[in-house]
Amino acid sequence: MQPGTKRARFCSTIIALLFLIGYSVDATWKRREDKTKCPKVKGIRNFDISEFLGSWYIVQYYASSEEALAYRCMRAELSISPESTEVTMNFTYSFTDDPINEQLVGNITWKIPSPELPAHWVHAEYPYEGVYNTYVLDSDYKSWALLMHCAEQSKTPRYLSSFIMSREPSLGTNVISYLREKLPRYDIDLEYMFPMDQNQCNKTEISEMDMLIPPSVIARRNNAARKHPLKRKHRRV
């Protein structure tokens, strides 16, 4: 065998070994990713928050603490303080197993920590212990938007949630696919990104069926204020 051939094979072997080592290190790093910390996220560039305000339908919903969709008819109204330092989301929703489809209300307020980054908001309400970031990942303002939330608490796995939002009750399949593709990089499992039913969202007239509501549903409705989607107690997943 010629010396040049030996050197070529040796170099090829070294390159292959380096590739395998690099792959192994990368795989190990991914396995050891700190699941207590929020991923690094960049909100939409050149974000115009004034165009983003107003009414939205939540058409798909994800939360890392939930393996089934508990809500339907979720809608949001976004506003900003006169000083342009706080964003408030008032929203309505129903539980999927509520036979009278009672419309519940909730709200959450965020501060805008940096005027240069208006697509990044931080939870402003004191009862929440920890860091709660919200990012506007993308939006065309007129039709669709993608929000991501990440919460950190000490000694607890991070909590991730996401909304695909629309100005209308439904959104085109191609747009939904486009927005969903942005989420796996932030460790969001699309298997649990559920469509939000926006049909027949008016409250059903109270009738004799109220007498048949299970006690568990009544208890859930009575406790709805502390269990609404963005203020749930986070559990390990």
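Each residue takes its place number in the sequence, starting with 1. Quantities reported herein were computed from a predicted structural model and do not represent experimental measurements. Any value given below was found using the heavy atoms of this structure, including those in side chains, with hydrogens, waters and symmetry copies removed.
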Are Arg167 and Trp56 in a cation-pi setup, meaning NZ or CZ lies under 6.0 angstrom from the ring centre and within 45 degrees of the ring axis?
yes

Given the side-chain rings of Phe163 and His149, with only the six-membered ring counted for Trp, is the space between their centroids under 6.0 Å?
yes

Taking the side chain as C-beta and beyond, is there a heavy-atom pair between [X] and [Y] under 4.5 Å?
{"X": "Tyr178", "Y": "Asp138", "value": "yes"}
{"X": "Ile58", "Y": "Tyr71", "value": "no"}
{"X": "Pro113", "Y": "His120", "value": "yes"}
{"X": "Arg158", "Y": "Pro39", "value": "yes"}
{"X": "Tyr62", "Y": "Leu190", "value": "no"}
{"X": "Thr85", "Y": "Ile112", "value": "no"}
{"X": "Ile49", "Y": "Ile80", "value": "yes"}
{"X": "Leu179", "Y": "Gln60", "value": "no"}

Between [X] and [Y] (side chain of the first, backbone of the second, donor and acceptor by atom type, cut-off under 3.5 Å), is there such a pair?
{"X": "Glu152", "Y": "Lys37", "result": "no"}
{"X": "Asn101", "Y": "Gln200", "result": "yes"}
{"X": "Tyr141", "Y": "Asp48", "result": "yes"}
{"X": "Ser94", "Y": "Glu102", "result": "yes"}
{"X": "Glu77", "Y": "Phe91", "result": "no"}

Tell me the closest heavy-atom pair linking [X] and [Y], and the distance in Å.
{"X": "Leu171", "Y": "Met165", "value": "CD2-O, 4.0 Å"}
{"X": "Leu53", "Y": "Leu78", "value": "CB-O, 3.6 Å"}
{"X": "Cys201", "Y": "Gln103", "value": "O-NE2, 2.9 Å"}
{"X": "Gln198", "Y": "Cys73", "value": "OE1-CA, 3.6 Å"}
{"X": "Val59", "Y": "Pro169", "value": "CG1-O, 3.6 Å"}
{"X": "Trp121", "Y": "Leu147", "value": "CZ3-CD2, 4.4 Å"}

Side chain to side chain contact (heavy atoms under 4.5 Å, CB included) assessment of Val41 paired with Asn133
CA-CA 10 Å; Val41 183; Asn133 295 288; over 6 Å; no

Just verifying a value: how many Å separate [X] [atom1] and [Y] [atom2], rounded to the nearest 0.5 Å?
{"X": "Leu104", "Y": "Met74", "atom1": "CG", "atom2": "CE", "value": "10.0 Å"}
{"X": "Tyr132", "Y": "Cys38", "atom1": "OH", "atom2": "SG", "value": "9.5 Å"}
{"X": "Tyr57", "Y": "Ser170", "atom1": "OH", "atom2": "OG", "value": "9.5 Å"}
{"X": "Arg72", "Y": "Thr96", "atom1": "CZ", "atom2": "OG1", "value": "8.5 Å"}
{"X": "Leu183", "Y": "Ile164", "atom1": "CG", "atom2": "CD1", "value": "6.0 Å"}
{"X": "Asp140", "Y": "Glu51", "atom1": "CG", "atom2": "CD", "value": "10.5 Å"}

Shared hydrophobic cluster for Met148 and Val122 (ILVMFWY, side-chain gaps under 4.5 Å):
no

Which residues pass the side chain to side chain donor-acceptor pair (under 3.5 Å) test with Asn90, not counting sequence neighbours?
none

Residues in side-chain contact (heavy atoms from CB on, under 4.5 Å) with Phe194, at least two apart?
Leu69, Tyr192

